[in-house]
2 protein chains.
Amino acid sequence: MYTQGVNTSERLIEATRELLWERGYVGTSPKAILRQAGAGQGSMYHHFTGKPDLALAAIRRTAAEMRATAEADLGRPDTAYERISAYLLRERDALRGCPVGRLTMDPDVIASDELRAPVDETLDWLRERLEEIVEEGRERGEFSASLIPSETAALIVATVQGGYVLARASSSPAAFDAGVRGLLALLAPQECAGPAGSAAG
Amino acid sequence: MYTQGVNTSERLIEATRELLWERGYVGTSPKAILRQAGAGQGSMYHHFTGKPDLALAAIRRTAAEMRATAEADLGRPDTAYERISAYLLRERDALRGCPVGRLTMDPDVIASDELRAPVDETLDWLRERLEEIVEEGRERGEFSASLIPSETAALIVATVQGGYVLARASSSPAAFDAGVRGLLALLAPQECAGPAGSAAG
DNA sequence: GTCTATATAGAGATAGAC
DNA sequence: GTCTATCTCTATATAGAC
């Protein structure tokens, strides 16, 4: 059986994705979703058991999309530094923030293991993927052998997530870019960092 | 005229601070504040014009407290690296997140220049304070001369803010600590980082 | 499947007694 | 200054018509 155009269930999920990104879970009402989707009350409760169920479908899709977007940069045939750099410098609307990461500040999402799971899994996947790449770069001599891949990976993800916080606080993407450049400068393959720690004078 | 114990206005502000930290602005209702403060409806609207006004008082106080806490580590008589390290390694409840930074994910806070102002000013102050310290460390030879202080400062703040995101996503403070260690490893005064970027396998 | 009532609770604020 | 009504609007969900 065919569905002409986009069906209601689909529109509900997409509307929820947009509103969750913009206003979070607590700040998004079923009524707002229905308005955005152009659907009536009954449709939502026909396709989903309620707000949490619909939100879960929306979050899962957003999480999958985020992994695919990241992999597009991280999976390129290039050096580790170039792939990490491509991921960090990718065009972003920093003021919108991360549609997955922002959910960690939502009390109702964090209180529900089911809603939190896709958020956790996605950020965890990203960390592990970056860890592989850092390890690879270390073996190839791009990075210092003293780098700990798992910690470096956590740093990279944190820089992005925290960059969104700075951008939104200042209403400007500049701070996001600054943090990313600061990280890339420290990660950049370098000959010698300068004089040893001569703290005197 | 004396006020015995803590007055109602004070209790309202403290209750609001706790709830804003825990549930954000959108997720905090006046009713919840009154319950937490042990006050009636009338008290709140006597001392404040409404929810935004009370939230503003709470946010300002939290912001001031955050600056003081950071300065306690950053203002120590020590090397730049030690002060930054002390700030990053300070004991934190990473799962609670940053009471100031979390507000950047609150749509109603971001939509209001008045509510956003103390958030912006605080994170901006922190970045500038760290910038001074990085610059100082660079002049003293602790850090590479190629480091750009403003970008490094943005990175440090982003690492902390993003670390909270990772910790909350995974319900564990471990990821926060990992990111911080990853950053400190890259910042650590070092003699030579290893071989130059020989990317060929 | 989708719609329009309808129901119950809570958000946010006001009025006026004490 | 603080309290308890009270008010209007919205959140979330259900019922039942079409």
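Convention: sequence-line order gives letters A, B, ...; per-chain numbering from 1. The shown structure was predicted, so the numbers you read here are calculated from the model rather than taken from an experiment.
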Touch check for B:Thr49, heavy atoms < 4.0 angstrom, all strands: base, sugar-phosphate only, or nothing?
->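 It contacts nothing in the nucleic acid.
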Please work out if B:Thr28 contacts a base, only the sugar-phosphate, or nothing of the nucleic acid, heavy-atom cut-off 4.0 Å.
->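 Touches sugar-phosphate only.
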In whole Å, I'd like the distance from the [atom1] atom of [X] to the [atom2] atom of [N].
{"X": "A:Asp53", "N": "D:dT12", "atom1": "CG", "atom2": "P", "answer": "15 Å"}
{"X": "A:Gln36", "N": "D:dA11", "atom1": "CD", "atom2": "P", "answer": "14 Å"}
{"X": "B:Arg35", "N": "C:dG10", "atom1": "CZ", "atom2": "C1'", "answer": "11 Å"}
{"X": "B:Arg23", "N": "C:dG10", "atom1": "CZ", "atom2": "P", "answer": "13 Å"}
{"X": "A:Phe48", "N": "D:dT14", "atom1": "CZ", "atom2": "C1'", "answer": "18 Å"}
{"X": "B:Arg11", "N": "D:dG1", "atom1": "CZ", "atom2": "P", "answer": "14 Å"}
{"X": "A:Met44", "N": "D:dT12", "atom1": "CE", "atom2": "C1'", "answer": "8 Å"}
{"X": "A:Gln41", "N": "C:dT8", "atom1": "CD", "atom2": "P", "answer": "16 Å"}

Looking only at side-chain atoms of A:Ser29, point me to the closest of C:dG12, D:dT12, C:dT2.
->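 Selected nucleotide (nearest to the side chain): D:dT12.
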Please determine, for the side chain of A:Lys31, which listed nucleotide (C:dG1, D:dT2, D:dT12) has the closest atom?
-> D:dT12
Please determine if B:Arg76 forms a cation-pi arrangement with B:Tyr81, meaning its NZ or CZ atom is less than 6.0 Å from the six-membered ring centre and no more than 45° off the ring axis.
-> no
Within 6.0 Å of CD1 in B:Ile148, more than 12 heavy atoms from elsewhere = no
Scan side-chain atoms only and decide if A:Arg92 and A:Tyr164 contain a donor-acceptor pair under the 3.5 Å cut-off.
->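 Yes.
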Is it the case that A:Arg127 and A:Ser150 place a side-chain donor and acceptor less than 3.5 Å from each other?
->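 Judged by distance alone, the side chains do not pair up.
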dist B:Ile59:CD1 -> B:Leu103:CG (nearest 0.5 Å) comes out at 5.0 Å
Think [X] has a side-chain N or O under 4.0 angstrom from the OP1 or OP2 of [N]?
{"X": "B:Tyr45", "N": "C:dT14", "value": "no"}
{"X": "A:His46", "N": "C:dC3", "value": "no"}
{"X": "A:Lys51", "N": "D:dT12", "value": "yes"}

Closest-nucleotide ordering on DNA chain D, the 5'-leading residue of A:Tyr25 and A:Gly42 = A:Tyr25
